[in-house]
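Heads up, the thing below is written out as structure tokens.
Count residues from 1 along the sequence.
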Amino acid sequence: MFVIIAVKIVFKYMQLGIQLYAKPNDFVKDFNKQQRVCDNCFRDYTHYQQIIQENGLKWNTRSLLQSKWIGNQERQIKMEISISENDKEIIGKDVLAGRTDAFLFNYSLREFITQCQQGYDQSLIRASINRVLQLFVTHYPIIGYCQGMNFIVTVLLCLSDEEGAFHIMNHIFKFIIPPRFYSNSQGATLIGFQAELYFLKSIIKGLNVQNSEQLFNFLDVSGPQMLLTLLLQVLNTSSLLITWEAMFKRKSFIPIDQATIFSLLQAAKCLDMNQQGLIEEIGKIIKHSDLAKLLSKENAYFPPFERQVQIEQYYSQTSQSWVDEDKLILFRLKKITNFDTEEILQIQKEFKKYCLESGSLCIIRKDQKDAKQQAKLTESSDGDDLEIQALFIQQIKSQKYGINKEAFLGLMEQFHQHYTKYQVLDRHKYELVFSLFDENKSELLDFREFLTCLSVLLRGSFEQKLKMFFTAHTGSSLIAQEFHTLLSIIIPQELQQNEEYQQFLYRIQLPQYSYQDMLLVSQDPFVLQNEYQREKSQTSIMIAQSFNHMKNH
């Protein structure tokens, strides 16, 4: 529905000192004349003008919103080493080349961002975004930079200064973003994001929406643009700020899921979900007042426990696909490992055979109760019910197709005893390895996790191995004893007896090691001169023999 905004409204803008900052276009060429404005757009504009005034929002300036969202305790930023040239180039393409400028945002955020940036030179605006992203990547090198982060930082700099924008971004990734949401490691590209899509589809399916298939197709195509940017390219400004406020208040991604479902259901009522450019239209029909009411309900659409169950079911079901002799699966496995196709097939065959014959595989039961019903039965804050929930989640995780920790340790022990030049297996060290590759902490390794683990252990470079072990910890730093323990598992035992090894330890001696320190260690002359790799033609045979030896004993 549209209304004609009369001249008195323009006078009201002038009296309040409010200025429309959107650039004139084919629809709006002169702000001094009467304009045709959507009711919802006007409500959105009026609401976020109030937010701007009450919180003192201005580009690269700390506002009251930061303390409301993440607290106001002072935090110090420690930047030990500069960003790599490769990361600089990638971020620069998205920021310094203008791909994060205000005109690229949706109709509402474009106006909001332009207003906050009013009076600032474009080159200074881009430089601020660039610095915050570079700082973030130095603190999260394992995640790195992903497209969409640039848009998030742009909005955050409308709410705070560069230091505050980094702290808010850090808070988002520490407490809100689901595990492996942006992950591209070990072949499971954005697996956390894919799990989120699976969950959203299951909820929408349960709501019996008439055109649910159209919504599923829309999610497949537009899901990244919606979720990886935390809905900032979907919602209007007021609805976005309300959703983010709920997200920070609950320290959870759940408000993003709830707002996504709400937006899709509203869009399905009045829009053709097959039309192009639909993302731009959704925000125009979402009323921030309706969204605020929805987000005030803790269990809107689903309880938190049901979400966890559905996501763990996705991980368990996905684990089965990695043992399929599918050309695409084999291509992906070959791409992420140091094994060729023949070796992958041979190891895959023994892996499946061992799982089935040893009985270590837990098959999904046909009589399993519906997750939604189970969630309703156990959704409670009582201690006993929380324990029941934890047991049920672990039961879902145990349906994963894979080998358990004891089988993995036994296999590594057999392999080390008969085929490697490394020291005798230290079970504690390899428990660390198992934990690292068990991505959803199911206490089972599926074939992808197992194969990538073998690839790094048996054929990885020194740097690859160090990176692998380092990510098993918090990602911040390791004390000297921990780091030296990891070195002892990477470097062959005979090399550790040499004087050069002691000199190497002396050169790299530090009280603690950051991720960047680890990269520098990998470039030490001792490492470069003694890079150790096993003959590729023998590894798959040795793994197969190790599996057989375990089954026979």
Under the rule for ring-ring contact (aromatic ring centres under 6.0 Å, His included), what residues qualify as partners of [X], not counting sequence neighbours?
| X | answer |
| --- | --- |
| Tyr315 | none |
| Phe450 | Phe351, Phe547 |
| Phe331 | none |

Less than 4.5 Å apart, side chain to side chain, heavy atoms only: is that true for [X] and [Y]?
| X | Y | result |
| --- | --- | --- |
| Asn170 | Phe136 | no |
| Ile479 | Tyr513 | no |
| Leu333 | Ile329 | yes |

* Excluding sequence neighbours, so at least two apart, what forms side chain to side chain contact (heavy atoms under 4.5 Å, CB included) with Lys58? -> Thr61, Tyr120

* Just jot down the side chain to side chain contact (heavy atoms under 4.5 Å, CB included) partners of Asn55, sequence neighbours excluded, or say none. => Ile51, Leu57, Leu64, Leu65, Lys68

* Taking atom types as modelled and ignoring hydrogens, do the side chains of Lys400 and Ser442 form a donor-acceptor contact shorter than 3.5 angstrom? -> yes

* If we ignore angles and hydrogens, is there a donor and acceptor under 3.5 Å between the side chains of Asn150 and Thr100? -> yes

* **Main-chain N/O of Arg448 paired with Thr452 side-chain donor or acceptor, under 3.5 Å** => yes

* State which residues pass salt bridge (charged side-chain N to carboxylate O under 4.0 Å, His left out) with Glu499; sequence neighbours excluded, sorted by chain then number. => none

* To do: Check each of Phe181, Tyr182, Phe166 against Phe173 using the ring-ring contact (aromatic ring centres under 6.0 Å, His included) test, and report the only one that passes.
  => Tyr182

